[in-house]
Amino acid sequence: MDATKRLQSVDLHGFLQSLSADTLDRLYSHPAACIAVFRELPALDKHYVMRVLFSEQVVPEKMVQSWSTASQKSAHEQAVVHLQRLRIWFSEDLAGGHKGLSMSAVFRQGLRTALCGGGQAWFNPVPPAPDKHSRDISFLDTYAKERWEIILHFLVGSTVSDVSRKVMDLLQRASLIACDQPDSSATITAAGFQFLLMDTTAQVWYFMLYYFKAIESQGRDVVEVLTLLFSISFSTLGKDYPTDGLSPVQMEFLQDMREYGLVYQRKQKSKRYYPTRLAINFASGLHQSSQVPESEGFLVVETNYRIYAYTDSSLHIAIVALFAEMQYRLPSMAVGLLTRESVHEAFRNGITSEQILQFLKMYAHREMRKNTPAVPPSILDQVRLWQLERDRMRSSEGVLYNQFASAAEFQVLRDYASDIGVLVYANPAKRCVVVTTTGHKDVRAFWKQHKQK
């Protein structure tokens, strides 16, 4: 992955648009999915949906246009296209050559049921007996944080955590880690470092997006998984729910969510589970935040390149260690040093200077935030200069052609390599040409034909 490329997180609607028409229709047959999709719609989209929710007639396009002002024409067009891509609205022909819009019957029925009640219960209507091992909200929050941080610890290469092979495969599939060899240790990528800069809700959504894609590639039913997750997102924090009625696919998904910290289940075969805040917030807060509350800032950066991390979080310290040389650690503080070697090591792992500086700014201590900028300008400039040092020269593999009999032969081969886009380097004085390894086969075949002529 290109180190300068920003991590693009797809929202709920972006993912749903990638699903097939049949999959979306099956998903909309579940009220929980319909209300989850509806509450993430922009305001104008919601307005249009509610205007036709209880009408089963085709609405002329001109009438829909009248529901917004002329100054909002662009927003109106975007809303209509957005609803059509989600298969909530369809375009239909009316008498006289006019166009109309109608709502999906499946989505209409599902949203009506979610808003007005009725239909089948989202969870088993028979409540389980009181749990003698009941868990309160404080326990669930701590449990979810610990389970999710295990994944983040593995991402930064911490030795205190271990994850399943399935989690490793998902991290690699999402390009958050890279493995040069099958048995080699994983290293964090530029995308992985950007992942660490997201808030927890955005991290969970990005991770689960690739989980859904993996399910599809394995031929498993993604609708059952999404339905369970959407239903859980409307559950009550601190309340337990029975596993009765879950399909085998959903039971397997429940165990995966247990590993990620989205649900708590005391034992794998327990007949009840507790959704955590990570699962409940899943379909209601999928937006990335680049701001960290002032109270959570813990970094003090000095002009002598020292970094003081006032935290007892081993995860935060492990992240700082990705680009700084850690010198010593106290019970509630760690000290690191920004050096040319430590920063260049981060660059080699795909982390960029702007990502390092963004992290230092995001987690700046509240006393540092009183300054503008929060990080000393000399540090900002030096980290960027270290990046420029690395970018001055770039290496690329190639195949060398030399010992041409004449300048004309040199020019023929050089021009051919340039025309097909495989020329890396050419020196007329020394009559040498370097082409890419992928283009070597074509150039060699051309040169043999040319020599025969």
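- No close placement of the Phe230 and Phe234 rings is indicated, their centers lying 6.0 Å or farther apart.
- Annotation: Arg85, atom CZ; neighbour count of heavy atoms from other residues, nucleotides and ligands within 6.0 Å does not exceed 12.
- Side-chain N or O atoms of Arg147 include none that pairs as donor or acceptor with a backbone N or O of Tyr260 at under 3.5 Å.
- No donor-acceptor pair under 3.5 Å is formed between the side chain of Ser270 and the backbone N or O of Gln265.
- The line from CG of Leu44 to NE2 of His82 is 11.5 Å long, rounded to the nearest 0.5 Å.
- A heavy-atom distance below 4.5 Å is not found between the side chains of Val375 and Met368.
- Annotation: Met63, atom CE; neighbour count of heavy atoms from other residues, nucleotides and ligands within 6.0 Å does not exceed 12.
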Tyr274 vs Phe139, test: ring pair (Phe, Tyr, Trp, His ring centres under 6.0 Å). Steps then yes/no. CA-CA 11 Å; Tyr274 292 81; Phe139 173 87; 8.5 Å; no
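- For the salt bridge (Lys or Arg N to Asp or Glu O under 4.0 Å) test, no residue two or more places apart in sequence or in another chain qualifies with Asp45.
- With a 4.5 Å cut-off on side-chain heavy atoms, Tyr241 and Val263 do not count as touching.
- Between the Thr276 side chain and the Gly261 main chain, a donor and an acceptor come within less than 3.5 Å of each other.
- A perpendicular orientation is assigned to the rings of Phe207 and Trp148, their planes being inclined by more than 60° (bins at 30° and 60°).
- The distance from the CD1 atom of Ile280 to the NZ atom of Lys239 is 11.0 Å, given to the nearest 0.5 Å.
- Under the 3.5 Å distance criterion, the side-chain polar atoms of His13 are matched with a main-chain donor or acceptor of Val37.
- Side chains of Lys145 and Thr200 form no contact here, defined as non-hydrogen atoms less than 4.5 Å apart.
- Side-chain atoms of Lys271 do not come within 3.5 Å of backbone N or O of Pro242 as any donor-acceptor pair.
- Under the 3.5 Å distance criterion, the side-chain polar atoms of Arg384 are left unmatched by any main-chain donor or acceptor of Ser353.
- Leu229 has its side chain within reach of Leu262: a pair of non-hydrogen atoms, C-beta onward, lies under 4.5 Å apart.
- Atoms CG and CG, on Leu171 and Leu176 in that order, are 5.5 Å from each other to the nearest 0.5 Å.
- By the 30° and 60° cut-offs, the orientation of the rings of His316 relative to Phe298 is parallel.
- With hydrogens and angles disregarded, no donor-acceptor distance shorter than 3.5 Å links the side chain of Ser55 to the backbone of Val52.
- Side-chain contact between Ile319 and Leu152 is absent, with no heavy atoms from C-beta onward closer than 4.5 Å.
- Remark: Tyr210 OH to Ser217 OG distance equals 12.5 Å, nearest 0.5 Å.
- Under the 3.5 Å distance criterion, the side-chain polar atoms of Gln72 are left unmatched by any main-chain donor or acceptor of Thr69.
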Just distance, no hydrogens or angles: give the donor-acceptor pairs under 3.5 Å from side chains in residues 322-336, sequence neighbours left out.
residue, atom, partner, partner atom, Å
Gln327, OE1, Arg306, NH1, 2.5

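- Although no hydrogens or angles enter the test, the distance criterion places a donor-acceptor pair under 3.5 Å between the side chain of His365 and the main chain of Glu367.
- Glu92 and Ser102 are linked by a side-chain donor-acceptor pair at a separation below 3.5 angstrom, with hydrogens and angles left out of the test.
- At least one side-chain heavy atom of Arg258 sits less than 4.5 Å from a side-chain heavy atom of Tyr143.
- Note on ring orientation: taking the six-membered ring where Trp is involved, the planes of Phe107 and Tyr28 are perpendicular (angle over 60°, cut-offs 30° and 60°).
- Side-chain atoms of Arg87 and Leu16, non-hydrogen and from C-beta on, never get closer than 4.5 Å to each other.
- Atom CG of Leu337 is separated from atom CD of Glu302 by 11.0 Å, given to the nearest 0.5 angstrom.
- Of the possible polar contacts, none joining the Gln355 side chain to the Gln194 backbone as a donor-acceptor pair under 3.5 Å is found.
- Inter-residue side-chain proximity for Ile88 and Leu111 is flagged as unmet; no heavy-atom pair is nearer than 4.5 Å.
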